[in-house]
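So that we are looking at the same thing, I have put the structure below in structure tokens.
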Amino acid sequence: MVNITIDNQQVSVPEGTTVLDAAKQANIKIPTLCYLHLEKSNFLNNVASCRICVVEVEGRRNLPPACATPVTEGMKITTNSKRVLSSRRKNLELILSNHPFNCLICAKSTDCELQTLAWEFGINTQRYRGERATHEIDKSSGALKRDPEKCIMCRRCEVMCNEVQTVGALTAFGRGFNTVVAPAEKKPLIESPCVYCGQCVSVCPTAALTGVGYISEVWDALFNPKKKVVVQVAPAVRVAIGEEFGMQPGQIVTGKLAAALRRIGFDGVFDTTFGADLTVIEEGREIMDRLKSGKNLPILTSCCPGWINFINYHFPTLKYMPSTCKSPQQMTGAIAKNYYAKKMGIDPKDMVVVSVMPCIAKKYEAALPYESTHGIPDVDYSITTRELAKMLKEGSVDLKNMPEETFDDPLGESTGAGVIFGATGGVLEAALRTVYEKYTGKTLEDVNFMAVRGTQGIREASIQINGRTVNVAALSGLGNARKVLEKIVKGEAHYDIIEIMACPSGCVNGGGQPYCHDRDEVIEQRIRGLYHIDRNQAIRKSHENPSIQKLYQEYLGEAGSHLAHELLHVESHN
Ligand code: HC1
Ligand code: SF4
């Protein structure tokens, strides 16, 4: 242990502890801006570029940054001397001098870490005025928005994109005042290897990286009397959106959400978990076919568009491995515009499908030309959990005080299996529940596949199905996907089924979810919320969903039928 003094308090901490962490142990909150540590994502940014966390150390002339300075025996640290406070303030004011002052109309207003610090520091004047860097806004992808004038060079996005996700889409160019973080050759994002996973959005302290918004388009559709506007809600949204209304992370608001969506005028309120159950049936069929034939293994899940973009760009030789299934978002949209529209006598051209997703990449997926049926897009607008929260607030809906209602039939009925899609390992577990029973003809007594749960980035298990050992893995975070895919390419790893989610811990940690401070804890709570729903659901296996059974009886025929392929599969994912 190392003994130090911080603001006259004696503290003993393990060797290697930073001044910042030692201070935390003494309940001293040193302000930070660029620093961020997310254990579950294996993310650490301690480049110390902002100099907001400087402290005074007895015997040292400079003011070292607390986030990158390890403690040494006998160190005497002061975190709030006049010199420290005025240095921090000056550093903050210099950052602000090159930042737009349009907070009132900024997408990140009230969630911006720079704005919060300016408020906490009592900054009430613009002391340094001068030339400001000017850059174009990039919305070329329709999913991720880059506004470099709001960048404070914290480098969090680069660490996330390059080290955690191993995508390599963002790099710093230029020197000094002219430095900008951008894709290679400063090309638009749509021409870069970006997969739109949105993890850079989750860590950006300002609005330099956000999602492209579609709120006004959705309001326009809702106010258009000629359109039937239906909405679907992703699994992970129900355990997170409450945070925007003062509720605890993980609090389950499924019923309140259904009521709230009706209040703002949606004509049909559906559940993406219905589409998740449908995915299990279609993908389950593919899994069984491939297991039986032994061909094209491992089968890789295809519901995460960030991951699909990643394999297309980085592992083109493995492109035959993902399931041909569309994602639950797209399946729900296709069934709404075809089966449901037909039942209701609505022309699909007059129907608008809105999806509420925890995700940025879903915006990109919804706009892909082949994610459509007979030329009509399955989903018209994909908005994030954050965007829906804003719409509800604008529409005078207080989610917290909504009554509990249910989703509309038939695209509102779902099972516990569909709900756990929102956590890493959930898609795999849901598929196993169905594949086991269909493959063996036996009833699965214990539906809980504990081995594939958890938040470690790589989880593996071997499961016995009809005397065959089925090797499965659940991967989250693209860096983890890369590690395993590289082994597969080299012939060093042999799996049968792999679930891959681009975001560490899965959709609960998507780039469209409410911003949060204690991220690791928040993710844990959201995951607990999803498994709680599953445990208490009367039906926990997708193939037992009565609405899905009816859909096949009335319309699709059997899993993998011609019509199922037309609506629910793609020829290839690019
Ligand atoms: Fe997901 Fe999925 S689980 S991809 O994370 O397969 O976004 O929640 O909706 O489509 O169901 C996201 C979540 C979501 C799809 C499902
Ligand atoms: Fe990188 Fe994902 Fe951000 Fe694209 S969205 S720049 S891939 S972190």
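Reckoned from all heavy atoms, side chains included, excluding hydrogens, waters and symmetry mates.
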Is Glu405 paired with Lys256 through a side-chain N to carboxylate O contact shorter than 4.0 Å?
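Salt bridge between Lys256 and Glu405, a charged N being under 4.0 Å from a carboxylate O: no.
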Whether Lys108 engages the ring of Tyr515 as a cation-pi pair (distance to the six-membered ring centre under 6.0 angstrom, angle to the ring normal within 45°) should be assessed.
yes
Please check if the side chain of Glu413 supplies one atom and the backbone of Ser547 the other of a donor-acceptor pair under 3.5 Å.
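Yes, because the side chain of Glu413 sits within donor-acceptor range (under 3.5 Å) of the backbone of Ser547.
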Ignoring hydrogens and geometry, is there a side-chain-to-backbone donor-acceptor pair from Asn45 to Leu36 under 3.5 Å?
no
Using side-chain hydrogen bond (donor to acceptor under 3.5 Å, both in side chains), reason through Lys483 and Thr166 one step at a time and then give a plain yes or no.
CA-CA 10 Å; Lys483 276 185 209 153; Thr166 66; over 6 Å; no
Has Ser141 got a side-chain atom pairing as donor or acceptor with Leu144's backbone, closer than 3.5 angstrom?
yes
Under 3.5 Å side-chain donor-acceptor pair for Gln329 and Ser355:
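Short answer, yes.
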Given side chains that start at C-beta, do those of Glu365 and Lys326 come closer than 4.5 Å, heavy atoms only?
no
Less than 6.0 angstrom from the centroid, inside 45 degrees of the normal: does Lys292 satisfy that with respect to the ring of Tyr439?
yes
Is a side-chain N or O of Asp408 found less than 3.5 angstrom from the main chain of Val269, in a donor-acceptor match?
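Such a contact is found between Asp408 side chain and Val269 backbone.
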Check for a donor-acceptor pair, side chain of Glu282 on one end and backbone N or O of Gly560 on the other, with a separation under 3.5 Å.
yes
From Thr384 OG1 over to Tyr214 OH, what is the distance, rounded to the nearest 0.5 angstrom?
11.5 Å
For Arg468, is there an ion pair with Asp496 - N to carboxylate O distance below 4.0 angstrom?
yes
Heavy-atom closest contact (Gly333 atom, Val379 atom, distance)
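Scanning both residues completely, I find the closest heavy atoms to be CA-CG2, 4.3 Å.
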As a quick check of understanding, evaluate side chain to side chain contact (heavy atoms under 4.5 Å, CB included) for Lys362 and Ser327, giving each step before the final call.
CA-CA 9 Å; Lys362 288 281 169 194; Ser327 74; 3.3 Å; yes
Keeping the roles fixed (side chain from Arg146, backbone from Leu209), state whether a donor-acceptor pair exists under 3.5 Å.
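Side chain of Arg146 to backbone of Leu209: no pair is present.
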Check against side chain to side chain contact (heavy atoms under 4.5 Å, CB included), Arg459 and Leu475:
CA-CA 6 Å; Arg459 296 180 312 289; Leu475 317 176; over 6 Å; no
Evaluate the side chain to side chain contact (heavy atoms under 4.5 Å, CB included) criterion for residues Leu568 and Leu556: first the C-alpha distance (whole Å), next the side-chain angles of each, then the deciding distance (0.1 Å), finally the verdict.
CA-CA 10 Å; Leu568 312 176; Leu556 292 174; 3.9 Å; yes
Do Gln330 and Cys325 come within less than 4.5 Å of each other through their side chains, counting heavy atoms only?
no
Would you call Arg433-Glu437 a salt bridge at under 4.0 Å N-O?
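Answer for the salt bridge query: no.
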Contact summary for Leu38 and Asp520, nearest pair of heavy atoms
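Of all heavy-atom pairs spanning Leu38 and Asp520, the closest is C-OD2, 3.7 Å.
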I'd like to know if the side chain of Asn312 pairs up with that of Asn309 as donor and acceptor (distance under 3.5 Å, no hydrogens or angles considered).
no
Just by modelled atom types, is the Thr301 backbone N or O under 3.5 Å from a matching donor or acceptor in the Trp307 side chain?
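At least one qualifying donor-acceptor pair exists.
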Is there a side-chain contact between Tyr495 and Ile497 (heavy atoms, below 4.5 Å)?
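No, side chains not in contact.
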To the nearest 0.5 Å, what is the distance between CG (Asn466) and OG1 (Thr440)?
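Rounded to the nearest 0.5 Å, the CG-OG1 separation comes out at 5.5 Å.
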Is the shortest heavy-atom distance from the side chain of Leu411 to the side chain of Gln232 under 4.5 Å?
no
Ignoring hydrogens and geometry beyond distance, is a side-chain donor-acceptor pair present between Arg453 and Thr424 at under 3.5 Å?
no
When you measure from the centre of the six-membered ring of Phe245, is the NZ or CZ of Lys393 under 6.0 Å away and within 45° of the axis?
yes
Is there a donor-acceptor contact under 3.5 Å from the side chain of Gln165 to the main chain of Ala502?
yes
Any ion pair linking Glu387 and Lys363 (charged N to carboxylate O, less than 4.0 Å)?
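So Lys363 pairs with Glu387 through a salt bridge.
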Between the side chains of Lys337 and Asp380, is the shortest nitrogen-to-carboxylate-oxygen separation below 4.0 Å, so that they form an ion pair?
yes
Counting C-beta onward and ignoring hydrogens, is there a side-chain heavy-atom pair between Ile264 and Glu394 closer than 4.5 Å?
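Answer no - side chains too far apart.
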Taking the ring of Phe407 and the ring of Phe274, is the distance between their centroids below 6.0 Å?
no
Return the minimal non-hydrogen interatomic distance between Thr373 and Ala334, and the atom names on each side.
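That would be OG1-CB, 4.0 Å.
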Distance in Å, Arg238 CZ paired with Thr385 OG1, rounded so as to fall on 0.5 Å steps
10.5 Å
Return yes if some donor-acceptor pair links the side-chain N/O of Thr279 with the main-chain N/O of Gly275 below 3.5 Å, else return no.
yes
Check whether the side chains of Thr469 and Gln464 place a donor and an acceptor atom closer than 3.5 Å, and report yes or no.
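Indeed, the side chains of Thr469 and Gln464 share at least one donor-acceptor pair under 3.5 Å.
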Spacing of Met344 atom CE and Met351 atom CE [to the nearest 0.5 Å]
8.0 Å
Using atom types as modelled and distance alone, determine if a side-chain donor or acceptor of Ser372 lies under 3.5 Å from a backbone N or O of Pro377.
no
Answer whether the closest heavy-atom distance between the side chains of Val167 and His314 falls below 4.5 Å.
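A side-chain contact under 4.5 Å exists here.
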Check the pair Phe315, Arg482 against side chain to side chain contact (heavy atoms under 4.5 Å, CB included), reporting the backbone distance first and the verdict last.
CA-CA 9 Å; Phe315 292 89; Arg482 180 184 288 282; 4.0 Å; yes
Checking Asn448 against Arg540: is there a side-chain donor and acceptor pair closer than 3.5 Å?
yes
Taking all heavy atoms of Ala236 and all of Pro358, pick out the closest pair and write down the distance.
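For Ala236 versus Pro358, the nearest heavy atoms are CB-CG, 3.9 Å.
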For Lys319, look at atom NZ and say whether over 12 heavy atoms of other residues, nucleotides or ligands are found less than 6.0 Å away.
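Counting other residues, nucleotides and ligands, NZ of Lys319 exceeds 12 neighbours.
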Could you report the tightest heavy-atom contact between Cys200 and Cys157, atom names first, then the distance?
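That would be CB-CB, 3.7 Å.
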Tell me the closest heavy-atom pair linking Gly168 and Asn162, and the distance in Å.
CA-OD1, 2.9 Å
Would you kindly say whether Asp111 and Ser109 are connected by a side-chain donor-acceptor distance under 3.5 Å?
no
Do Arg526 and Asn509 have a side chain donor and acceptor closer than 3.5 Å?
no
Find out whether Phe270 and Val231 are in side-chain contact, i.e. whether some heavy atom of one side chain is under 4.5 Å from a heavy atom of the other.
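Contact flag for Phe270/Val231 side chains = no.
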Under the salt bridge (charged side-chain N to carboxylate O under 4.0 Å, His left out) criterion, do Glu244 and Arg386 qualify, and how do the steps go?
CA-CA 8 Å; Glu244 296 276 0; Arg386 291 190 297 266; 5.9 Å; no
Roughly how far apart are Asn296 CG and Arg290 CZ, rounded to 0.5 Å?
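Going from CG on Asn296 over to CZ on Arg290, the span is 5.0 Å.
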Which is it for Lys541 and Asp277 under the salt bridge (charged side-chain N to carboxylate O under 4.0 Å, His left out) test, yes or no, and what are the steps along the way?
CA-CA 8 Å; Lys541 299 167 192 163; Asp277 281 337; over 6 Å; no
Side-chain donor-acceptor pair under 3.5 Å between Ser414 and Asn545, yes or no?
no
Residues, nucleotides or ligands: over 12 heavy atoms within 6.0 Å of Glu39 CD:
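Count not over threshold, so no.
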Could you tell me the separation between the OG atom of Ser41 and the CE atom of Met160, rounded to the nearest 0.5 Å?
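Here the interatomic distance stands at 5.0 Å.
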Glu283 side chain reached by Thr434 side chain, heavy atoms, under 4.5 Å
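A side-chain contact under 4.5 Å is absent here.
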